Amino acid sequence: MRILLIGAIASLVGACASIGRPEGGPRDVTPPVFVRSNPEPGALNVDRNRIDIWFDENLKLEDPVNKVVVSPVQKENARVNANGRHLTVEFRDTLADSTTYIIDFADAIRDLNEGNILDGFAYDFSTGNALDTLTISGMVFEARNLEPAQGMVVGVYSNQADSAISTLPLERVAKTNQYGQFTIRGLKPGNYNIFALDDRNRDWHWDRSENVAFFPVSLSPSTEQVEVADTLRSQAGEDSIVRRKAWHYLPDDILLTWFNENYRPQYLRDNKRPSRRYIELKFGAPVDSMPVLTVLNGPLAGGNLADLSVLETRAERDSMIYWLRDTVLVSQDSILLQARYRKTDSLDCLVWQTDTLKMFFRRQPVKEKKEKKKEKGDSLAADSLPQITFVDFKASTPGSQELNLPVRFEAPEPLEPISRDAWRLEVQRDTLWLPVADVSLEPDSVTPRGVILSASWEEGTKYRFTADSARIFNIYGEFNRPFKFEFTTKKLDDYGNIYLNLTDLTALQLPDSARVIVELLSSSDQPVATATVENGSAAFHYVAPATYYARAYIDIDHDGQWTTGNVGLKRLPEDVFYYPKKLVLRKNWDLEQDWSLLDTPVDLQKPKEIKKNKPKTKEPDQTGTDSDEDGEFGDGFDPEQGAWGNGSQYNNAGGRGGSNRRGGFGQGGMRTNRSF
């Protein structure tokens with residue numbers, strides 16, 4: 001069972017801005033404070049379609065169409081306006097009988113002058129005799145990179161059917177704030193399934209192309225009474241502590257990580273013949289079975305195109321190029337193909353489809369050349385000489401060679417196998433070039449247009465690769481000019497090593513089939529190297545000096561790559577962890593660092609330097625370096641969400657806090673019932 005804690009939520013402190021002196025005063029740092037409303041907060045038997053709310057200062061609304069949500073959801077968005085200190089909400093749908101309504105403003109309300117955000121403000125009322133007051137709170141992050149999900153719809157279903165998320169509108173909704181936090185209000189007692197989605201088409205349910213998150217078990221909201229402490233200040237400036245009873249709303253610790261199923265319907269998206277020499281097919285999604293292509297016209301009719309060509313595919317397997325090897329096919333201006341491939345039908349099933357493809361090569365118009373004046377002594381006009389096309393064989397790696405990598409060579413078209421006597425690799429010793437014996441030149445597994453030169457490189461040494469003329473051929477019989485490529489290997493002193501020791505792997509209780517993979521990240525949050533954890537450690541060798549970051553994921557299916565989730569299969573995405581500090585590597589330096597995956601709060605794991613969804617309000621410094629002491633992370637929980645009585649929630653039910661993977665739910669604990 002995987003357990004996560006979150007230090008939960010600090011409530012808003014309302015304070016009136018003091019009147020400034022003519023020469024200036026302290027800057028206003030407090031958001032607008034609620035003063036009154038009509039109807040009153042938590043009012044019952046409301047039969048009007050307009051809500052009026054007043055604050056203590058002039059305010060403005062930021063993007064209310066997208067940020068302000070009404071729950072239950074409305075077919076037509078309510079009209080929300082602000083004028084001075086007065087805010088109005090007008091419903092354009094008929095209100096349902098005996099229903100609790102919540103208007104969640106998220107972080108749309110700000111004061112006019114300084115832009116201080118009133119985060120988590122919500123207003124509730126009922127059209128019946130009772131007010132539903134239960135809540136579910138938590139946070140939403142992107143599963144792959146732990147970015148806080150801003151402005152994402154989070155909602156619940158009391159309908160427990162698996163199909164509800166894709167067929168029915170969410171029953172109660174909220175939106176995440178700039179920290180990814182949410183609170184769904186106005187719930188009755190019962191069991192709920194909870195989801196988060198980006199709802200691009202605003203139909204309040206999930207379509208397979210949309211980003212989505214789900215909690216793997218149903219939730220039952222509840223309350224518990226707790227004791228809280230208030231600090232009171234007298235006119236003399238003395239503080240005193242007053243303790244009182246308050247209600248704590250549960251659960252307040254739900255962690256949702258959104259993903260995309262990467263679903264794309266399978267179909268033949270495009271087919272063309274941009275050159276005589278190849279045919280290109282593009283599919284709507286990666287193919288699991290290669291298409292069967294049969295030639296229908298010409299001397300090779302009935303032949304399988306796979307036997308008459310060289311296939312080149314993209315890594316995603318959604319695009320493929322057939323290099324026509326047979327000169328008969330190359331010379332045909334039109335090629336008819338019978339294509340049999342798998343296609344997604346109306347029931348979302350893969351079925352075999354057969355089409356006839358007409359592949360035409362359209363000749364480019366030839367520009368007329370002006371007749372060149374024959375010079376004295378010319379015995380033969382230049383245009384009468386045969387034109388030779390050479391193979392443009394070249395290195396695709398820089399001249400400064402990494403010690404741990406091979407050299408890649410590439411040509412514009414597929415190459416024939418290159419014989420060992422067609423090339424040589426030499427190493428420079430003083431002024432002499434001596435042959436290297438232990439070396440190989442193998443076809444590139446990624447593309448038939450490339451080859452890989454591998455050897456045990458010596459540091460700081462100059463090498464020369466040479467191929468004589470007409471020794472390297474492509475599949476069309478064209479050959480190379482004399483080729484020479486010189487390069488120098490880097491020195492060992494140019495590198496460093498990074499060792500990350502994962503100290504709490506046993507606490508994860510992983511199955512034997514699972515493994516932990518660590519990615520070394522650049523300052524743009526992109527992987528630059530990958531290592532599998534062995535004996536509790538991930539080792540990165542031959543690393544260039546720079547500032548790096550680290551991310552780990554649990555490779556549950558043991559396929560060597562991060563696997564996304566699947567709603568239909570109720571499969572969560574593979575869990576991701578960030579090392580919360582930057583790793584500064586120097587030349588000729590070994591950096592060794594212990595890393596506890598479960599110690600750092602989820603919302604504080606990702607270093608702020610590489611975080612993209614940064615809140616607009618100022619944050620305390622959260623990130624150290626490899627040599628820093630561990631910092632103190634925010635925790636603690638203000639359980640009093642119902643500050644207005646009758647269960648009305650006006651304070652910040654989704655405020656800043658820390659989420660933590662130490663285990664144990666506890667008060668304010670962030671959890672994700674994941675069993676590995």
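Here the structure is a predicted model, which means the values were calculated and not measured.
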Whether the side chain of Asp111 engages the backbone of Pro31 through a donor-acceptor N/O pair (distance < 3.5 Å, no angle test) should be reported. no

Any salt bridge linking Arg144 with Glu519? Criterion: basic side-chain nitrogen under 4.0 Å from a carboxylate oxygen. yes

Is any NZ, NE, NH1 or NH2 atom of the basic residue among Arg200 and Asp207 found under 4.0 Å from an Asp or Glu carboxylate oxygen of the other? no

Does the side chain of Leu170 come within less than 4.5 Å of Leu197's, by heavy atoms? yes

Under the side chain to side chain donor-acceptor pair (under 3.5 Å) rule, what do Ser596 and Asp504 come out as? Steps first, then yes or no, please. CA-CA 6 Å; Ser596 173; Asp504 56 352; 2.8 Å; yes

Verify salt bridge (Lys or Arg N to Asp or Glu O under 4.0 Å) between Arg185 and Asp104, making sure each step is shown before the conclusion. CA-CA 9 Å; Arg185 301 173 171 90; Asp104 191 336; 3.3 Å; yes

Is any NZ, NE, NH1 or NH2 atom of the basic residue among Asp93 and Lys75 found under 4.0 Å from an Asp or Glu carboxylate oxygen of the other? no

Residues forming a ring pair (Phe, Tyr, Trp, His ring centres under 6.0 Å) with Trp595, sequence neighbours excluded: Tyr579

Please confirm whether the backbone N or O of Val173 pairs with a side-chain atom of Ser71, one donor and one acceptor, at under 3.5 Å? yes

Any side-chain to backbone donor/acceptor pair from Arg571 onto Thr564? Under 3.5 Å, distance only. yes

Can you tell whether the side chains of Arg208 and Glu261 come within less than 4.0 Å, N to carboxylate O? yes

Donor-acceptor contact present, side-chain Asp56 to main-chain Val33, <3.5 Å: yes

Under a 4.5 Å cut-off applied to non-hydrogen side-chain atoms, are Ile184 and Tyr192 in contact? no

Roughly how far apart are Thr88 OG1 and Trp54 CH2, rounded to 0.5 Å? 9.5 Å

Just so I know, are the side chains of Arg172 and Leu187 near enough to count as touching, which here means a heavy-atom distance under 4.5 Å? yes

Quick one: does Met152's side chain get under 4.5 Å of Lys175's, heavy atoms only? no

Per the side chain to side chain contact (heavy atoms under 4.5 Å, CB included) rule, which among Leu131, Thr127, Asn129, Thr100 passes with Leu44? Leu131

Could you tell me whether a side-chain N or O of Gln150 sits under 3.5 Å from a main-chain N or O of Pro148, the two making a donor and an acceptor? no

Criterion salt bridge (Lys or Arg N to Asp or Glu O under 4.0 Å) on Asp52 and Arg36, from CA distance to verdict: CA-CA 9 Å; Asp52 295 275; Arg36 62 187 176 90; over 6 Å; no

Going through the distances and angles, do Val528 and Tyr548 end up as a side chain to side chain contact (heavy atoms under 4.5 Å, CB included)? CA-CA 9 Å; Val528 296; Tyr548 296 97; 3.9 Å; yes

How many angstroms lie between CD in Glu142 and CG in Asn613, if you round to the nearest 0.5 Å? 8.0 Å

Could you go through Glu171 and Asn159, starting from their C-alpha distance and side-chain angles, then the distance that decides it, and tell me whether this counts as side chain to side chain contact (heavy atoms under 4.5 Å, CB included)? CA-CA 9 Å; Glu171 297 170 15; Asn159 187 325; 4.1 Å; yes

Is it true that Arg85 and Glu57 make a salt bridge, defined as a side-chain N closer than 4.0 Å to a carboxylate O? no

Side-chain contact test, heavy atoms from C-beta onward, threshold under 4.5 Å: evaluate it for Leu87 versus Leu61 and give yes or no. yes

Quick one: does Asp63's side chain have a donor or acceptor within less than 3.5 Å of a partner on Lys67's backbone? no

Can you give the donor-acceptor pairs under 3.5 Å from side chains of residues 211-222 to other protein atoms, not counting sequence neighbours?
| unit_1 | atom_1 | unit_2 | atom_2 | d |
| --- | --- | --- | --- | --- |
| Asn211 | OD1 | Asn260 | ND2 | 2.9 |
| Asn211 | ND2 | Asp198 | OD2 | 3.0 |
| Ser220 | OG | Asn191 | OD1 | 2.4 |

Quick one: are Val242 and Thr231 in side-chain contact, heavy atoms under 4.5 Å? no

Between Glu147 and Lys606, does a salt bridge (Lys or Arg N to Asp or Glu O under 4.0 Å) hold up when you go through it step by step? CA-CA 8 Å; Glu147 287 284 338; Lys606 188 167 188 177; 2.6 Å; yes

Mark yes when over 12 heavy atoms from residues, nucleotides or ligands other than Lys612 sit less than 6.0 Å from its NZ; otherwise mark no. yes

Is a side-chain N or O of Thr99 found less than 3.5 angstrom from the main chain of Asp97, in a donor-acceptor match? yes

Do Asn177 and Asp107 get their side chains close enough for a donor-acceptor pair, meaning under 3.5 Å? no

Any idea how Phe121 and Phe105 line up, ring-wise: parallel (<30°), tilted (30 to 60°), or perpendicular (>60°)? tilted

Applying side chain to side chain contact (heavy atoms under 4.5 Å, CB included), run through Ile136 and Leu250 and close with a yes or a no. CA-CA 6 Å; Ile136 296 175; Leu250 296 171; over 6 Å; no

Begin with the C-alpha distance, continue with both residues' side-chain angles, and end with the deciding distance and a verdict on side chain to side chain contact (heavy atoms under 4.5 Å, CB included) for Glu609 and Lys582. CA-CA 9 Å; Glu609 292 91 344; Lys582 57 188 176 183; 4.0 Å; yes

Taking 4.0 angstrom as the limit, do Asp230 and Arg243 come out as a salt bridge? no

Backbone N or O of Val602 within a donor-acceptor pair of the Tyr578 side chain at under 3.5 Å? no

I want to check something: taking the side chain as every heavy atom from C-beta on, are Tyr123 and Ser37 in contact at a cut-off of under 4.5 Å? yes

Are the side chain of Thr135 and the backbone of Thr183 linked by a donor-acceptor contact shorter than 3.5 Å? no

Take a 6.0 Å sphere around CG of Asn201 and say whether it holds more than 12 heavy atoms from other residues, nucleotides or ligands. yes

Are any of the side-chain heavy atoms of Ile103 and Phe91 separated by less than 4.5 Å? yes

Backbone of Glu76 reached by a side-chain donor or acceptor of Arg92 within 3.5 Å: no

